[in-house]
Amino acid sequence: MALRTAAAAAPCGLRRFFSTSIPAFNFPPSAAAAAQQREKAEPSTNLFVSGLSKRTTTEKLQEAFSQFGEVLHARVVTDRVSGYSKGFGFVRYATLEEAAKGIEGMDGKFLDGWVIFAEYARPRQPPGPPENNMASPYYRQ
DNA sequence: GCTGAGCGA
């Protein structure tokens, strides 16, 4: 019968409709935090630069990134006791546009013989209870 | 700081 076959075909489309209407995609709040650790951070004026030569200094870093925008602050992270570079650093631009240009211009480029990687820096430590003195990172820069 | 992934005193 033509009517019976038409009625039997209908549920197929309905089933598909309901399966795509189920609101089962509520990502837990921790998903954003987990993504922050692996995926690229969201745009910021702050850049994380890795792959630096141990001989690369803050001056060289700021000098190299200044070609693409106004570098407000640059820092090669060094070990406090040894004083040697840890091989990565941070660059802060004045604007998001300059930060984007800085990444485009410096990511994958050579600096002091090493291929460096520039990307948006992750937001720093979550605001916690105030420390005893001015040695707290929140009192810096 | 030669040994090279990473997110900062």
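When reading the values below, keep in mind they use all heavy atoms of this one structure, side chains included, and skip hydrogens, waters and symmetry mates. Every chain is numbered from 1, with letters handed out A, B, ... down the list of sequences. Worth saying up front: this structure is predicted, and the values here are computed from it rather than measured.
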Which atom pairs link the protein and nucleotides 1-3 of chain B when you take only N or O atoms and keep those under 3.5 Å?
residue, atom, partner, partner atom, Å
dG1(B), N2, Lys54(A), NZ, 3.0

Whole-angstrom distance between [N] and [M], as gauged at atom [atom1]:
N: dT3(B); M: dC7(B); atom1: P; value: 22 Å
N: dG6(B); M: dG1(B); atom1: P; value: 25 Å
N: dA9(B); M: dG4(B); atom1: P; value: 22 Å

I need the [atom1]-[atom2] distance between [X] and [N], as an integer number of Å.
X: Phe48(A); N: dG6(B); atom1: CZ; atom2: P; answer: 9 Å
X: Lys86(A); N: dC7(B); atom1: NZ; atom2: P; answer: 11 Å
X: Glu119(A); N: dA5(B); atom1: CD; atom2: C1'; answer: 12 Å
X: Phe88(A); N: dG6(B); atom1: CZ; atom2: P; answer: 12 Å
X: Arg75(A); N: dG8(B); atom1: CZ; atom2: C1'; answer: 6 Å
X: Leu111(A); N: dG4(B); atom1: CG; atom2: C1'; answer: 15 Å

Worksheet item: Heavy atoms under 4.0 Å, any strand shown: does Phe117(A) hit a base, just sugar-phosphate, or nothing?
Response: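 No contact at all - Phe117(A) keeps every heavy atom at 4.0 Å or more from the nucleic acid.
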Item to complete: Would you classify Thr78(A) as touching base, sugar-phosphate or nothing, given that sugar-phosphate means primed atoms plus P, OP1 and OP2, and contacts are heavy atoms under 4.0 Å?
Response: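 Thr78(A): backbone/sugar contact only, no base atoms under 4.0 Å.
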Practice prompt. Check the pair Phe65(A), Ile116(A) against side chain to side chain contact (heavy atoms under 4.5 Å, CB included), reporting the backbone distance first and the verdict last.
Written response: CA-CA 12 Å; Phe65(A) 278 77; Ile116(A) 68 172; 4.1 Å; yes
Worksheet item: Does CD belonging to Glu104(A) count more than 12 external heavy atoms closer than 6.0 Å?
Response: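 Counting neighbours around CD of Glu104(A), 12 or fewer heavy atoms of other residues, nucleotides or ligands fall under 6.0 Å, so no.
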Discussion item. Between Thr78(A) and Tyr84(A), is there a side-chain heavy-atom distance shorter than 4.5 Å?
Written reply: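 With C-beta onward as the side chain, the pair stays apart.
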Worksheet item: So do the side chains of Asp79(A) and Lys86(A) get within less than 4.5 Å of each other, counting heavy atoms only?
Response: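 Yes - at least one pair of side-chain heavy atoms lies under 4.5 Å apart.
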Worksheet item: Does Ala74(A) offer a backbone N or O that forms a donor-acceptor pair with the side chain of Gln62(A) under 3.5 Å?
Response: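 A pair under 3.5 Å: no.
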Worksheet entry | From Leu111(A) atom CG to Arg55(A) atom CZ, the distance as rounded to the nearest 0.5 Å |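 Between Leu111(A) CG and Arg55(A) CZ, I get 10.5 Å after rounding to 0.5 Å.
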Discussion item. Using ring centroids (six-membered ring only for Trp), state whether Phe48(A) and Phe90(A) fall under 6.0 Å.
Written reply: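 Judged by ring-centre distance (under 6.0 Å), Phe90(A) and Phe48(A) do meet the cut-off.
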